[in-house]
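Order of listing sets the numbers, starting from 1, for every ligand and every atom in it. For this chain, numbers begin at 1 and follow the sequence in order.
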Amino acid sequence: MEGHIRAAHLRSAVALVGVLSCLVTTVVEGKVVGAFVLPHGGIALDPSHFNTTNQTALQQAWQIHNAAQKVGRQINSLRPDLLFLSTPHGVADLTNFLFYLNPKGYGSADTDNCACPPCCYNVSVDIDSAMSETLVETLQREDLKISGLSAFGPPGGADDPFPLRWAEVIPLHFISSLNTTSVAVLSHPSRRYNHSVAMVPELLRLGKSLYKSLEASRQRVVVVVSADLAHTHSADGPYGFSPAAQPFDQACGEWASTLDATPLLVNATSLVDEALSCGYTGLVMLHAILSTSSTWRPTLLVNHHPSYYGMMVASFIPSA
Ligand SMILES: *[C@@H]1O[C@H](CO)[C@@H](O)[C@H](O)[C@H]1NC(C)=O
Ligand SMILES: *[C@@H]1O[C@H](CO)[C@@H](O)[C@H](O)[C@H]1NC(C)=O
Ligand SMILES: *[C@@H]1O[C@H](CO)[C@@H](O)[C@H](O)[C@H]1NC(C)=O
Ligand SMILES: *[C@@H]1O[C@H](CO)[C@@H](O)[C@H](O)[C@H]1NC(C)=O
Ligand SMILES: *[C@@H]1O[C@H](CO)[C@@H](O)[C@H](O)[C@H]1NC(C)=O
Ligand SMILES: *[C@@H]1O[C@H](CO)[C@@H](O)[C@H](O)[C@H]1NC(C)=O
């Protein structure tokens, strides 16, 4: 009898210590161990093919490339179990955010002035389709517009890899620990092309829910947002020139170096329809992911537009 009581006490003491150490670990480390903004422009991938006579632009391209490589090494050193990758123009649904649900992903990218082949930069990744399906179910319960997509076979069981292209391949190419890390890929819906400002409240809600779900998982998670900035820096570029481009990129940079909401949610939001940035919705979602918890140390590594589109590299590390 007494033995039972003692055992019960012991069990509750052990349970209490378990709960306490769990709380302590959560406070000290958290499950989202870092977040990063990486560009997906071909110039960032390999500036050696960047065909320009403008030495300033070439130098800026190398600065972006070197910063992305540095972030890649930083991600490796965080030893993530899961890379959560947000892509603005992957395989996209009109309405729903999508998680890719094949067990593997594969694809290639090239650079702005040298197409594949011969300039092929290929990436193969393991997709955590079970975790991705769990996230879909959780977020659907919160009435978010989200679904999952498997290519050429059932979720988690398709033999072929899910097709990846430049917005996924280029950020992933900078991360060499893909053999020990699986990924969850979230593809933004194509309504973002014309309705990204209207999506802001939804993106903030999505980011908040994602943060809670990722924190609740037992994995060490690194969040990567694949994003380029304004596409209207140059009259010669495919989208022409807009006076909104430069202040848009500056506002995004200000946000990335401070996590202050105003430059992103006020300044950049008022400019994005003119600036034309594929990265905007991912940045707003990331803002909500990061502002759901207490303290992050934001660092803007670089923010340039060596050609018609802007690119920045930024890191956000828990400061505790
Ligand atoms: C590089 O730029 C020059 C001048 O604009 C052009 O003549 C040449 O075809 C370009 N080369 C490539 C590989 O794009
Ligand atoms: C990389 O991908 C390209 C295009 O998808 C393909 O032609 C090439 O064989 C691949 N290279 C390697 C090394 O797998
Ligand atoms: C993963 O790849 C890196 C280099 O790309 C290598 O150094 C490391 O040993 C590999 N790890 C495993 C577990 O295969
Ligand atoms: C966005 O609007 C433009 C101009 O109205 C239209 O041509 C284009 O098809 C729209 N794109 C999407 C994805 O809805
Ligand atoms: C945001 O816009 C305000 C008002 O136009 C301006 O004063 C401020 O400098 C802008 N901030 C950034 C970071 O661009
Ligand atoms: C060279 O590139 C820089 C950086 O993109 C740009 O500010 C500058 O105007 C360019 N110079 C010329 C002559 O095009």
- Partners of Asp126 by salt bridge (Lys or Arg N to Asp or Glu O under 4.0 Å), sequence neighbours excluded? Lys104
- Item | Per-atom contacts of ligand 2 with Asn122, taking only distances under 4.0 Å to non-hydrogen atoms | 1 (C), 2 (O), 3 (C), 8 (C), 10 (C), 11 (N), 12 (C), 14 (O)
- residues 195-208 vs salt bridge (Lys or Arg N to Asp or Glu O under 4.0 Å), sequence neighbours excluded, gives Arg191-Glu202
- Task: Can you sort out which atoms of ligand 2 are near Cys116, meaning under 4.0 Å from one of its heavy atoms?
- Result: 3 (C), 4 (C)
- Task: Can you sort out which atoms of ligand 5 are near Glu254, meaning under 4.0 Å from one of its heavy atoms?
- Result: 13 (C)
- Query: For ligand 2, is Tyr121 a contact, meaning one of its heavy atoms is under 4.0 Å away?
  - Reply: no
- Within one Ile-Leu-Val-Met-Phe-Trp-Tyr cluster: Phe174 and Ile75, side-chain cutoff 4.5 Å: no
- Message: Using a 4.0 Å cut-off to any heavy atom of Tyr106, which atoms of ligand 2 qualify?
- Response: 1 (C), 2 (O), 10 (C), 14 (O)
- Query: Does Phe36 belong to the same Ile/Leu/Val/Met/Phe/Trp/Tyr cluster as Ile170, with side-chain heavy atoms less than 4.5 Å apart forming each link?
  - Reply: no
- For ligand 5, find out whether one of its N or O atoms is nearer than 3.5 Å to an N or O atom of Gln250. no
- Note on the structure: Which of Trp296, Trp255, Tyr211 passes ring-ring contact (aromatic ring centres under 6.0 Å, His included) with Phe316? Answer is Trp255
- Message: What I want to check is whether the side chains of Ser48 and Asp46 have a donor and an acceptor closer together than 3.5 Å.
- Response: yes
- Query: What orientation do His305 and His233 show, parallel under 30°, tilted 30 to 60°, or perpendicular over 60°?
  - Reply: parallel
- Query: Protein residues near ligand 6, heavy-atom distance below 4.0 Å?
  - Reply: Asn54, Ala57, Gln60, His305
- Heavy atom of Pro117, distance to ligand 2 below 4.0 Å: no
- Query: If you round to the nearest 0.5 Å, how far is CZ of Arg141 from OG of Ser209?
  - Reply: 11.0 Å
- Message: Checking side-chain polar atoms at under 3.5 Å, does His40 have a donor or acceptor matched by the opposite partner on His89?
- Response: yes
- Query: Of all residues at least two apart in sequence or in a different chain, which pass the side-chain hydrogen bond (donor to acceptor under 3.5 Å, both in side chains) check with Asp110?
  - Reply: none
- Message: So if I count the atoms of ligand 2 from 1 in the order they appear, which ones are less than 4.0 Å from some heavy atom of Ser108?
- Response: 2 (O), 4 (C), 5 (O)
